[in-house]
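Okay, so here's the structure we're looking at.
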There are 2 protein chains.
Amino acid sequence: MADAGSEQPRATRSTKVGRPRRSEQALLDAAAAVFVRSGVDAPVREIAAEAGVGMGTIYRHFPTRPELVVAVYRHQVEACANAGPRLLAESATPEAALRAWVALFVDFLVTKHGLAGALHGDSAGSDALHAYFVDRLVPVCGSLLEAAVESVGTPPQIDAYNVLKGIGNLCIGATHDARYDAEALVQLFISGVLARRVR
Amino acid sequence: MADAGSEQPRATRSTKVGRPRRSEQALLDAAAAVFVRSGVDAPVREIAAEAGVGMGTIYRHFPTRPELVVAVYRHQVEACANAGPRLLAESATPEAALRAWVALFVDFLVTKHGLAGALHGDSAGSDALHAYFVDRLVPVCGSLLEAAVESVGTPPQIDAYNVLKGIGNLCIGATHDARYDAEALVQLFISGVLARRVR
DNA sequence: CTTGTTATCGGAGCGTCGCTCCGCAACAAT
DNA sequence: ATTGTTGCGGAGCGACGCTCCGATAACAAG
């Protein structure tokens, strides 16, 4: 029998048998579309409807909302993570690299409605979204931070985890308030992190 | 008749007639207790149960949740607002005053579970909580900021509204994450606001 | 004391949402 | 054809925000 399949157009078939499980990518595309339209807190029903599947299917592929969100934005988070070392290599100064990276991160968060707000570890450790962002970006942020701090000759005043979460928090609600300038606040915050004055 | 009440200890009576509407203060006390126990996002049913009244009563006195929250924390917000001028007068430097006031504000936000997170103007302008905090505290923060900026001889880099909201955002989630140090982040942010370097 | 008026009270009820769970259908193996 | 396996869909449950109306109680007039 082998795999002499002739009629199956896509047949991802990675598991042992069964139906060609409905393309996860289709779900991700639908979710992305809904996230753009209604924010990352959009009802699961709406995502299911957009994808033309039942809610069960969504939950089967992504048992928790954070997992879905992570999957949707994985590429962009990876791009952001990869941009770190690149900026550090290409920029004139480590501080410039840090500020450029931070601007990238801020732009990413601000353009995704509600993403920054969903970044919290509310569910007592079981928050995959928070964990993913932290695991992936803290090291990157840490490298940039370390380099920048060293280049300006100040002792490190805070760890990368706090800096990253602080930036994330500063981006919350930026889309709903024209007067609120998250980018400016974050850059000022970075100034503080790199400033000589401790108190 | 006057107010020769002899049996009514508190009798607020502000409306014309009817029953001595159930003391709002009792509701506020109950709400405060629940907020401490379950955060400011506690279900209205829970607050009503704690107060021993029906939900209708809660909604009659405080049609929206922000109004209830404002009422519960009004005293502390006022105290915070009043502390501004006082600190400015008593502190050695305007910067010290600003930093002390900010520490006060941060402590206030961090100790009230979820208050910082509820500070957003999500409901398109109709958010009384956001409006109250902004109206009451932005001027205070502005004065301190102005004095501090002037004393260190830097041009103002951002307005008080953004500073206040930034601080509020930095306090989000502080209670759920032992590694997250909101106070430190905010003070670094203030350093940035007062720093010479603009870019 | 009785009756009428009026404001307040309490919670049933409706719509929404997150999440679970079970019957069903489609395919593979026999 | 029959049986086994696996993915699929959505009904259903509990929680919640918020509304709305019948019940209730205080007071004034008679």
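Labels below follow one simple rule: chain letters A, B, ... track the order of the sequence lines, proteins then strands, and each chain is numbered from 1. Computed over heavy atoms, backbone and side chain alike; hydrogens, waters and symmetry mates excluded. Predicted, not measured: the structure shown is a model, and the values here were computed from it.
Each end of the helix from C/dC1-D/dG30 to C/dT30-D/dA1 yields a helix axis from five base pairs, and these two axes differ in direction by 30° (to the nearest 10 degrees).
In this entry the distance linking CD of A/Glu24 with P of D/dG7 reads 12 Å, nearest Å. At whole-Å resolution of the value, NE2 in A/His61 and P in D/dT6 are 15 Å apart. We find that CG of A/Asp127 is positioned 15 Å from P of C/dG18, with the value rounded to whole Å. The separation between B/Phe62 atom CZ and D/dC18 atom C1' is 17 Å, rounded to whole Å. Distance, B/Tyr59 OH to D/dC20 P: 13 Å, rounded to whole Å. Atom CD1 in A/Ile58 sits roughly 16 Å away from atom P in D/dG7 (whole-Å rounding). As rounded to whole Å, 19 Å separates atom P of C/dT8 from atom CE of B/Met55. One interatomic measurement links the two molecules: CG of A/Leu27 to C1' of D/dG9, which rounds to 13 Å at whole-angstrom precision.
Proximity note for B/Thr57 (side chain, C-beta onward) versus C/dC9, D/dG17, D/dG9: the nearest is C/dC9. Proximity note for A/Arg60 (side chain, C-beta onward) versus D/dG17, C/dC19, D/dG9: the nearest is D/dG9.
Judged as a salt bridge (Lys or Arg N to Asp or Glu O under 4.0 Å), the pairs with a partner in residues 132-150 of chain B (not counting sequence neighbours) are, in order, B/Glu78-B/Arg136.
Under the side-chain hydrogen bond (donor to acceptor under 3.5 Å, both in side chains) criterion, A/Arg37 pairs with A/Glu46, A/Glu50, sequence neighbours left out.
Minimum interatomic distance between B/Leu87 and B/Ala97 (heavy atoms only, all atoms of both residues): O-CB, 3.5 Å. In this structure, B/Gly166 and A/Leu185 approach most closely via the heavy-atom pair CA-CD1, 4.1 Å.
Residue contacts for B/Arg65: at a heavy-atom cut-off of 4.0 Å it reaches the sugar-phosphate backbone alone, with no base atom in range.
Taking the centre and axis of the six-membered ring of B/Tyr59, the NZ or CZ atom of B/Arg65 falls outside the cone set by 45° and 6.0 Å.
Each of B/Asn169, B/Leu170, B/Leu119 was compared with B/Leu109 under the side chain to side chain contact (heavy atoms under 4.5 Å, CB included) criterion, and only B/Leu119 meets it.
Put simply, the side chain of B/Arg45 and the base of C/dG13 share a donor and an acceptor less than 3.5 Å apart.
Using a cut-off of 4.0 Å between Lys/Arg side-chain N and Asp/Glu carboxylate O, A/Arg179 and B/Asp159 are scored as not salt-bridged.
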